[in-house]
Asker: 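Supplied in structure tokens, the structure appears directly below.
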Amino acid sequence: MTTTDRCPVAFPLRRPGRPFPPVEYADFRRTEGLVKSTLPSGVPVWLVTRHEDVRTVLTDPRISSNPSHPGFPRAAKTGGVPSQDQVPGWFVALDPPEHGRFRKTLIPEFTVRKVREMRPAIQQIVDARIDALLAAGNTADLIADFALSVPSLVISDLLGVPHVDRDFFEAKTRVLVTLTSTDAERESATKALMRYLNRLITIKQRRPGDDLISRLLADGTISRQELTGVSMLLLIAGHETTANNIGLGVVTLLSNPRWIGDERAVEELLRYYSVADLVAFRVAVEDVEIGGQLIAAGEGIVPLVAAANHDGTVFDRPDEFDPERSARSHVAFGYGVHQCLGQNLVRVEMDIAYRTLFSRIPTLELAVPVEELSLKYDGVLFGLHELPVRWSSTEE
Amino acid sequence: MVRISVDTERCVGAGQCVLSAPDVFDQDDHGIVTVLEEPADEPARDAARQAGLVCPSQAITVAES
Ligand code: HEM
Ligand code: SF4
């Protein structure tokens with residue numbers, strides 16, 4: 001065991017012009033015990049970077065996801081994971097056994113089989129986006145016009161959220177996933193989304209549709225009030241994450257075309273980019289030892305999934321994109337009871353998006369040098385701000 | 001030979017087992033793991049072991065015998 005009084009490192013470690021994952025992660029993995037860091041709010045937290053330790057943190061019952069515990073870390077300067085008082089039904093912030101009721105009610109909707117049944121509908125959405133790209137000319141910003149719109153439309157259709165409201169919920173979500181948003185901005189975005197979903201739920205109470213919100217209303221396990229937070233969590237978790245991964249993956253596949261259409265490439269892209277590096281926040285509710293480090297009750301813990309997914313003791317040559325490796329033990333979707341509910345949907349969305357994009361627009365290429373792509377360093381999620389591309393105008 | 005056991009109470013329905021070893025595992029109507037059949041050959045046994053390793057809730061035990 002070590003006691004650390006090293007100078008705490010600043011957090012987060014992403015900086016413009018630096019590679020991702022941050023080079024410091026490699027040093028942290030080699031450090032005995034854990035590394036202490038300070039959040040922009042001044043709150044100290046323990047950074048967890050080794051694969052084994054990240055898995056332990058995400059499964060230890062003495063470690064909680066519930067922000068109502070004293071000491072719970074806040075990612076942003078302000079704000080962060082909402083409590084049940086703020087957003088009832090935000091179940092990613094609940095521990096077992098309360099968490100289980102939500103999870104059990106939702107998993108039948110996200111099984112491997114259910115998601116497979118959604119393939120034709122997802123294919124249609126992807127095809128329609130590509131029709132629109134081709135109709136508009138021979139250049140595009142693939143983030144706005146494809147990577148974001150596909151998952152956004154998929155989760156909207158699943159929940160029963162009207163397409164016309166996309167601009168609204170995407171803009172509010174962007175506020176919530178931006179680390180530099182102020183408390184006031186965050187609160188106003190949260191309230192606007194809750195008001196909006198509340199109204200939508202009321203409409204569905206009167207006129208149920210063939211959608212998840214209507215089914216959850218009919219099922220009744222999740223209360224009317226909790227349904228607001230549940231649908232908000234699904235809506236938010238469902239689009240930005242996937243959009244970032246789709247966008248980054250396009251860049252990688254453009255220079256590794258032989259992997260287009262191979263499912264192993266999707267799994268490796270999830271590991272390689274680990275876009276949700278700053279998503280899982282925890283607090284110790286009892287004293288606990290992790291990776292040889294004593295963590296006191298009330299201390300915050302940040303398991304960095306990108307660091308774990310680049311741990312050379314688990315993944316050979318971790319900084320190389322190599323779909324031939326077995327990437328399946330990555331923790332890009334977290335681990336333990338909160339492991340991403342939407343993961344099978346993500347795999348199908350990415351698979352269909354890449355297959356269709358590259359087969360329908362075979363001359364697709366970047367419109368700027370790869371070094372000029374602007375990376376998101378201001379977010380909870382890693383990704384690209386824009387992805388300018390072009391293709392030969394004789395396509396289709 | 002291996003013996004597969006699953007703990008349906010622990011299962012969180014992530015479906016990782018179904019992706020790893022579709023011949024061995026399935027999810028029932030509630031999204032919870034079920035064992036379709038014991039793995040018949042070495043590739044299927046390997047796939048089942050892999051499922052045990054990636055299952056996020058440690059609900060799968062593959063006992064070697
Ligand atoms: C590339 C895309 C995605 C990534 C990398 C990702 C990543 C994650 C991670 C790391 C967690 C664990 C959080 C924690 O332990 O605190 C999580 C949870 C979750 N994700 Fe995703 N996610 C993605 C897409 C989606 C999609 C499309 C949905 C839509 C349905 C979704 C819904 C959820 C939900 C509901 C949870 C909470 C589960 C629970 O608490 O039981 N995610 N995700
Ligand atoms: S991988 Fe584990 S948690 Fe997921 S469905 Fe299979 S048994 Fe359940």
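This is a predicted model, so every value here is computed, not measured. We name chains A, B, ... by the order of the sequence lines, and we start the count at 1 in each one.
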Asker: Please check if atom CD in Glu38(B) has more than 12 non-hydrogen atoms from other residues, nucleotides or ligands closer than 6.0 Å.
Answerer: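 Result for CD/Glu38(B): enclosed.
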Asker: Using non-hydrogen atoms and a 4.5 Å limit, figure out which bit of Cys11(B) sits close to chain A: side chain, backbone, both or neither.
Answerer: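 No part of it gets close to chain A.
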Asker: Just by distance, no angles: are the side chains of Gln27(B) and Arg113(A) close enough, under 3.5 Å, to form a donor-acceptor pair?
Answerer: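 No, no side-chain donor-acceptor pair sits under 3.5 Å.
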Asker: Using a cut-off of 6.0 Å, state whether more than 12 heavy atoms not belonging to Asp210(A) lie near its atom CG.
Answerer: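 Open.
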Asker: Within a 6.0 Å radius of atom CZ on Arg3(B), are there more than 12 heavy atoms belonging to other residues, nucleotides or ligands?
Answerer: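 Incorrect, the count does not exceed 12.
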Asker: Counting only heavy atoms not in Glu9(B), do more than 12 sit closer than 6.0 Å to its CD atom?
Answerer: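 No, not enclosed.
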Asker: Can you give me the closest heavy-atom contact between Val12(B) and Ile107(A), atom names plus distance?
Answerer: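 Taking Val12(B) first and Ile107(A) second, the nearest heavy atoms are O-CG2, 3.3 Å.
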Asker: Among the options Asp29(B), Leu53(B), Val54(B), Leu19(B), pick out the one with the most heavy-atom pairs lying under 4.5 Å from chain A.
Answerer: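 Among Asp29(B), Leu53(B), Val54(B), Leu19(B), the one with the most close pairs to chain A is Leu19(B).
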Asker: Let's test your reading of the structure: which of Arg55(A), Arg103(A), Lys114(A) forms the most heavy-atom pairs below 4.5 Å with chain B?
Answerer: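 The residue among Arg55(A), Arg103(A), Lys114(A) with the greatest pair count is Arg103(A).
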Asker: Within a strict 4.5 Å, meaning less than it, do heavy atoms of the Arg328(A) and Gln50(B) side chains meet?
Answerer: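 SC-SC contact between Arg328(A) and Gln50(B) confirmed.
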Asker: Can you tell which part of Thr59(A) gets under 4.5 Å to a heavy atom of chain B, answering side chain, backbone, both or neither?
Answerer: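 Looking at Thr59(A), just its side chain touches chain B.
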Asker: If you count heavy-atom pairs under 4.5 Å with chain B, which of Pro108(A), Gly100(A), Ser329(A) comes out on top?
Answerer: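 So the answer, after comparing Pro108(A), Gly100(A), Ser329(A), is Pro108(A).
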Asker: For Thr105(A), is it the side chain, the backbone, both, or neither that has a heavy atom closer than 4.5 Å to a heavy atom of chain B?
Answerer: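 It is neither, since no heavy atom gets under 4.5 Å.
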Asker: Name the option with the most non-hydrogen atom pairs under 4.5 Å to chain A; the candidates are Ser57(B), Ala14(B), Gly13(B), Ser20(B).
Answerer: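 Looking at each of Ser57(B), Ala14(B), Gly13(B), Ser20(B) in turn, Ala14(B) comes out on top.
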Asker: Count the heavy atoms of every other residue, nucleotide or ligand shown that sit under 6.0 Å from CD of Glu263(A), and state whether that count exceeds 12.
Answerer: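 Not buried by this count: 12 neighbours or fewer within 6.0 Å.
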Asker: Side chain from CB out, backbone as N, CA, C, O: work out which of these in Gln16(B) comes under 4.5 Å of a heavy atom of chain A, or both, or neither.
Answerer: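 Contact with chain A involves both backbone and side-chain atoms of Gln16(B).
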